[in-house]
Amino acid sequence: MEEIGFLGLGIMGKAMSMNLLSHGFKVTVWNRTLSRCDELVEHGATIGETPAAVIKKCKYTIAMLSDPAAALSVVFDKDGVLEQIGTGKNYIDMSTVDAETSSKISEAITSKGGCFLEAPVSGSKKPAEDGQLVILAAGERALYDAALPVFDVLGKKSFFLGQVGNGAKMKLVVNMTMGSMMNAFSEGIVLADKSGLNPQTLLDVLDLGAIANPMFKMKGPSMIQGSYPPAFPLKHQQKDMRLALALGDENSVAMPVAAASNEAFKKARSMGLGDLDFSAVHETVASGKGSS
């Protein structure tokens with residue numbers, strides 16, 4: 001593939017752009033705070049002054065933005081994607097948004113002759129750095145096929161899920177499940193501790209049983225220490241819970257566990273924990289200020 005444009009250099013976007021550079025891709029980057037681009041420039045990236053400038057320069061542009069509002073503004077605002085998108089231009093949005101947002105972006109891009117693919121990812125900072133993300137793509141099949149060399153660098157497995165919206169929905173289901181599990185795990189750690197058990201022993205027992213999983217193993221030790229370096233910020237997890245609950249509303253699916261988990265994440269945000277890792281929801285139980 002020719003030069004790749006990359007819009008959005010948060011925790012994920014920065015790691016993914018760096019990965020592309022280290023695998024020999026030419027990358028032009030843009031971020032709302034342009035100073036975020038400096039480290040990537042040191043590794044060979046070029047800066048695009050606006051999203052429109054990146055689209056103009058690159059045949060393929062990837063976006064990795066924080067939420068639906070950011071994803072929409074980069075496309076529709078002044079100097080945005082729509083000002084330069086057209087025939088022969090390809091836009092891959094890897095942000096986690098709802099299906100409605102994804103469809104709105106898709107319609108705008110395709111109406112100007114551009115190609116669109118949504119491709120949200122499952123995985124946080126470390127998988128992004130290691131190229132071990134799971135890519136949940138939907139939209140233009142030809143663009144998916146053309147993007148596979150890039151996806152093979154960024155991820156360990158890519159899925160093509162059909163029409164636009166399906167990638168967004170799959171990502172929300174995955175993150176809703178993850179957020180609900182994190183709350184149950186937090187309650188387990190605190191219950192073990194308050195019951196006079198060693199929480200580390202709980203981790204060892206869980207790791208040997210049927211509910212062993214990488215998230216418990218990776219997050220558990222730092223949670224016990226009360227340390228939450230942000231791999232996936234809690235405020236973004238709460239946003240995904242909210243979007244998943246809205247999807248549940250649309251489909252008349254009762255989600256009492258997810259709803260309770262969302263309340264816990266909201267409580268954590270009110271406690272000032274939004275920029276910490278989503279595992280900081282543990283503090284809503286550990287501090288005795290639970291969401292109930």
G48 versus V54, closest heavy-atom pair with distance
CA-CG2, 3.8 Å
Between M16 and F6, does a side chain to side chain contact (heavy atoms under 4.5 Å, CB included) hold up when you go through it step by step?
CA-CA 9 Å; M16 293 160 75; F6 208 105; 3.9 Å; yes
For the hydrophobic clusters of this structure (ILVMFWY residues joined by side-chain heavy atoms under 4.5 Å, transitively), does one cluster hold both I92 and L161?
no
Can you hop from M64 to M170 via hydrophobic side chains spaced under 4.5 Å?
no
For L243 versus P68, what's the shortest heavy-atom pair and its separation?
CD1-CG, 4.1 Å
Of all heavy-atom pairs linking N262 and R242, the shortest is OD1-N, 4.0 Å
Interatomic spacing from CG in L247 to NZ in K169 - rounded to 0.5 Å
6.5 Å
Return the minimal non-hydrogen interatomic distance between S180 and M241, and the atom names on each side.
OG-CE, 3.9 Å
Can you list every pair that meets side chain to side chain donor-acceptor pair (under 3.5 Å) and has a residue in residues 243-254, with sequence neighbours left out?
none
Measure from the side-chain N and O atoms of K26 to the backbone N and O of I4, and report whether any donor-acceptor pair falls under 3.5 Å.
no
Can you list the steps and then say if L191 with V285 is a side chain to side chain contact (heavy atoms under 4.5 Å, CB included)?
CA-CA 9 Å; L191 182 59; V285 198; over 6 Å; no
Does atom CE (M178) have a neighbourhood of more than 12 heavy atoms from anything else shown, all under 6.0 Å?
yes
Shortest non-hydrogen separation from S122 to V174 and the atoms involved:
OG-CG1, 3.7 Å
Test of understanding: with side chain to side chain donor-acceptor pair (under 3.5 Å), list the residues that count as partners of K104, not counting sequence neighbours.
none
Shared ILVMFWY cluster between L136 and M12, side chains joined below 4.5 angstrom?
no
Kindly write out the residues that satisfy side chain to side chain donor-acceptor pair (under 3.5 Å) with K125, not counting sequence neighbours, or none if the list is empty.
none
If you count every heavy atom of other residues, nucleotides or ligands that lies below 6.0 Å from E100 atom CD, does the total exceed 12?
no
Check: D79 side chain, A52 main-chain N or O, donor-acceptor pair, under 3.5 Å
no
With a 4.5 Å cut-off on side-chain heavy atoms, are I55 and L82 touching?
no
What residues form a side chain to side chain contact (heavy atoms under 4.5 Å, CB included) with N19, not counting sequence neighbours?
S22, H23, V153, L154
Does either side chain, that of N183 or that of S186, offer a donor lying less than 3.5 Å from an acceptor on the other one?
no
Is M18 close to E129 at the side-chain level, that is, under 4.5 Å between some pair of heavy atoms?
no
Report whether M181 and V253 are members of the same hydrophobic cluster (ILVMFWY, side-chain heavy atoms less than 4.5 Å apart, transitive linking).
yes
What's the separation between atom CD1 in I109 and atom OH in Y91, rounded to the nearest 0.5 Å?
6.0 Å
Output yes when E39 and K14 qualify as a salt bridge under the 4.0 Å nitrogen-oxygen rule, no when they do not.
yes
Would you say M94 and P120 make side-chain contact, with heavy atoms under 4.5 Å?
no
List the atom of L65, the atom of G8, and the distance in Å for their closest heavy-atom pair.
CD2-CA, 4.0 Å
More than 12 heavy atoms of other residues, nucleotides or ligands under 6.0 Å from CD of Q200: yes or no?
yes
Less than 4.5 Å apart, any side-chain heavy atom of M255 and any of L245?
yes
Whether D130 side chain and Q132 backbone form a donor-acceptor pair below 3.5 Å:
no
Set out, in order, the CA-CA distance, both residues' side-chain angles and the distance that settles side chain to side chain contact (heavy atoms under 4.5 Å, CB included) for L206 and I211, then state yes or no.
CA-CA 6 Å; L206 289 175; I211 56 167; 3.5 Å; yes
Just do the salt bridge (charged side-chain N to carboxylate O under 4.0 Å, His left out) check on K266 and E263 with the steps written out, would you?
CA-CA 5 Å; K266 280 158 60 177; E263 292 302 318; 2.9 Å; yes
Quick one: side chain to side chain donor-acceptor pair (under 3.5 Å) pairs with a partner in residues 208-233, sequence neighbours left out?
D207-K217, K219-D277, Y228-H282, Y228-E283
In the structure I gave you, are the side-chain heavy atoms of I47 and V41 within less than 4.5 Å of one another anywhere?
yes
Distance-only, no hydrogens or angles: does the T101 side chain make a donor-acceptor pair with backbone N or O of V97 under 3.5 Å?
no
Close side-chain approach of V150 and F25, heavy atoms under 4.5 Å
yes
Side chains of F116 and E140 in contact at under 4.5 Å (non-hydrogen atoms):
no
Using a 6.0 Å cut-off, check whether atom NZ of K89 has over 12 heavy atoms from anything other than its own residue.
yes
With rounding to the nearest 0.5 angstrom, report the CD to OG distance, Q163 to S102.
11.0 Å
Any M223 side-chain heavy atom under 4.5 Å of M218 side chain:
no
Linked, directly or transitively: I11 and L20 (ILVMFWY side chains, under 4.5 Å)
no
Gap between atom CZ of R269 and atom NZ of K235 - 0.5 Å precision:
7.5 Å
Would you check, one step at a time, whether the test side chain to side chain contact (heavy atoms under 4.5 Å, CB included) holds for S66 with H236?
CA-CA 7 Å; S66 58; H236 295 333; 3.7 Å; yes
If we ignore hydrogens and angles and just use 3.5 Å, is the side chain of T33 paired with the main-chain N or O of R36 as donor and acceptor?
no
So, taking the atom named NZ in K239 and the one named CG in L234, what distance separates them when rounded to the nearest 0.5 Å?
12.5 Å
Check for a donor-acceptor pair, side chain of D240 on one end and backbone N or O of N175 on the other, with a separation under 3.5 Å.
no
Decide yes or no on salt bridge (charged side-chain N to carboxylate O under 4.0 Å, His left out) for K59 and E3, but give the supporting numbers first.
CA-CA 7 Å; K59 185 177 177 182; E3 189 156 359; over 6 Å; no
Between T284 and K267, is the side-chain hydrogen bond (donor to acceptor under 3.5 Å, both in side chains) condition met? List the steps.
CA-CA 7 Å; T284 65; K267 179 69 181 176; over 6 Å; no
How would you list all residue pairs meeting ring-ring contact (aromatic ring centres under 6.0 Å, His included) that involve residues 153-205, not counting sequence neighbours?
Y144-F160, F185-F216
One should read off an interatomic distance between Q237 CD and F232 CZ, to the nearest 0.5 angstrom, of 5.0 Å
